[in-house]
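Taking it in order: structure first as structure tokens, then the write-up.
Naming convention: chains lettered A, B, ... in sequence-line order (proteins, then strands); numbering from 1 in each chain.
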Amino acid sequence: MRKILVIAGIVWMEMWRRKTLHVLGILLAATLLLLFSINISGLGRIPGYVKETGLLLTWLLGWIMGINIAVRQLPQEEKRGTVYAMLARPVGRGQLLLGKWLGAWLAATGAVLCFYALNVLIVGGFGGRFGAVALLQAVSLHGMLLAMITALAVALSVRLTQEAAAALSYIATAAMFAFVPRIPEFVAGAEGWRQTAMLILYTAMPHFELFDMRPRVVHLHGPIRWSTWALILLYGAMITTILLTAAWLAFRNRHFSRTAKD
Amino acid sequence: MNTAVDIRGLSVRFERGGSSVTALDRLDAVVPEGHVFGLLGPNGAGKTTLMHVLLGFLPPTAGQASIFGTDVRRAIARQRIGYLPEHPDTYRFLTARELLHTAGRLFGLRGRDLRSRSDALLERLDLTAAADRLAGTFSRGMLQRICLAQALINDPDLVILDEPTGGMDPFGRLRIREMIAELKARGKTVLLSSHELSEVELVCDTIAILYKGSVITAGSAAALVPAGESLERFFIRTIEAVDAGAADHAGKGAAHA
């Protein structure tokens, strides 16, 4: 575990030194303050509107950060050649993979936590409020969602270039958000084997929509039941484990000698 | 004398462009502890491939290799190894000191031991003044030295150096030579690949010439090279002899140091 944490530490240091979080935090704060100052048709005075926009931005920034950080880890190691020095130490490939994923996940989750805190501060500063328990549940589910997204990005980056893995990660995750919740509509209109295929697809695809508590948080509808919350977290952990196992199977026999000239 | 590296019947074949390429062909070699072993060979001979197998980057197609008695496919085999790659690079967003601490922690070092080793290596490789500078601001020579320092942080018993002096100025080459001599004096084993034949002749106890994935001749420079001939001339003559179909004459076979 110590080696995995050391590798994750490298990811955090890279993110910190490259000032990724600083730039995105400033962007989020600037956007939220702008929303208050523009006050088009009086909308800026409604805390719900600002909360909704702030949380949407937090989700978008978390999504972009999660994929961007995760997808570059292994390809950059190979491109720089640092993968050789890393694996020349008593570090297993599984440990390297887990360290990279953990680093990317916790970096993205840490950034998202900062964004939530910024939201609370800005909305609170203008007289709005969040339900504490619902917000806690929303943040934890968002963190688990980022675990799945970063695991998918890491898994794709094992065999693809950084650019291809990033593009595919964005397409796949966007499709999971937009398409999977709508599959039941198609199931109702289909018959025979098509209906069966869609049902299988609906069951097999990760359900990202389960992790989205934004409407409840914005409209102060209160928390969900803790048993439901725990089941969703368990489901997220299961999907993450499946994705990381697939990544490890692809990574464990990966040949790094292709750059060897002699 | 104990064995540091034991290679038996090692073969590596790749699929490249739809055809099978034999990078290593039933290689046998034994490197005793405390020896400086030089691997010579033209580009594509299989030197880096052999090092990559020893470091567990690449699984052999056939045969086996062990380091201090442990199969190279096990991560623990690398606990006693230090490795400097051919084109070393590192995390440029970390300082020299952070790089050494990170490398050390991966070997299970911590606390005062790690700090004292890092400080000693920074001093030994003339990097103390740059200890808290980001590696991204380093010159090429400094990068090479910090990568070397990382390779030595665990005080390895086997040091694998792949073209360590490539692109170095004469001072850098001298520093590497002195370091190899110092490692040997401390009883460490060094496996060195280089195109700098004069350098290999100076520092190596045993030289093996690798060509087309096989060791075609091996021994001490004094035993291999006839009087009055340079190692460079001997190397070229040996390779030409193999190309001319005189592989048997050149002494294809095991490399027992």
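A salt bridge links B/Arg97 to B/Asp132: at least one charged side-chain nitrogen sits closer than 4.0 Å to a carboxylate oxygen.
In this structure, chain A has a heavy atom under 4.5 Å from the side chain of B/Leu134, while its backbone stays farther away. Heavy atoms closer than 4.5 Å to chain B are found nowhere in A/Gln76, neither backbone nor side chain. Of the atoms belonging to A/Arg89, heavy atoms from both backbone and side chain fall under 4.5 Å from chain B. At a 4.5 Å heavy-atom cutoff, B/Arg73 makes no contact with chain A through either its backbone or its side chain. For chain B, no part of A/Leu5 is nearby; none of its heavy atoms comes within less than 4.5 Å.
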Legend entry - Full working for side chain to side chain contact (heavy atoms under 4.5 Å, CB included) between A/Phe130 and A/Tyr116: CA-CA 11 Å; A/Phe130 286 97; A/Tyr116 273 107; over 6 Å; no

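Rounded to the nearest 0.5 angstrom, B/Gln150 CD and B/Leu121 CG are separated by 10.5 Å.
In this structure, the side chain of B/Ser194 engages the main chain of B/Glu196 through a donor-acceptor pair within 3.5 Å. Side-chain atoms of A/Gln95 come within 3.5 Å of backbone atoms of A/Gly92 as a donor-acceptor pair (strictly under, hydrogens ignored).
With chain A as the partner, the residue from B/Arg92, B/Arg74, B/Met51, B/Arg78 showing the most heavy-atom pairs under 4.5 Å is B/Arg78. Interface remark: of the candidates B/Gly56, B/Pro88, B/Ala103, B/Ala103 forms the most heavy-atom pairs closer than 4.5 Å to chain A. Most heavy-atom pairs under 4.5 Å with chain B, from the set A/Arg80, A/Arg18, A/Glu14, A/Met86: that is A/Glu14.
Aromatic rings of B/Tyr83 and A/Tyr84 (six-membered ring for Trp) have centroids beyond the 6.0 Å cut-off, not under it.
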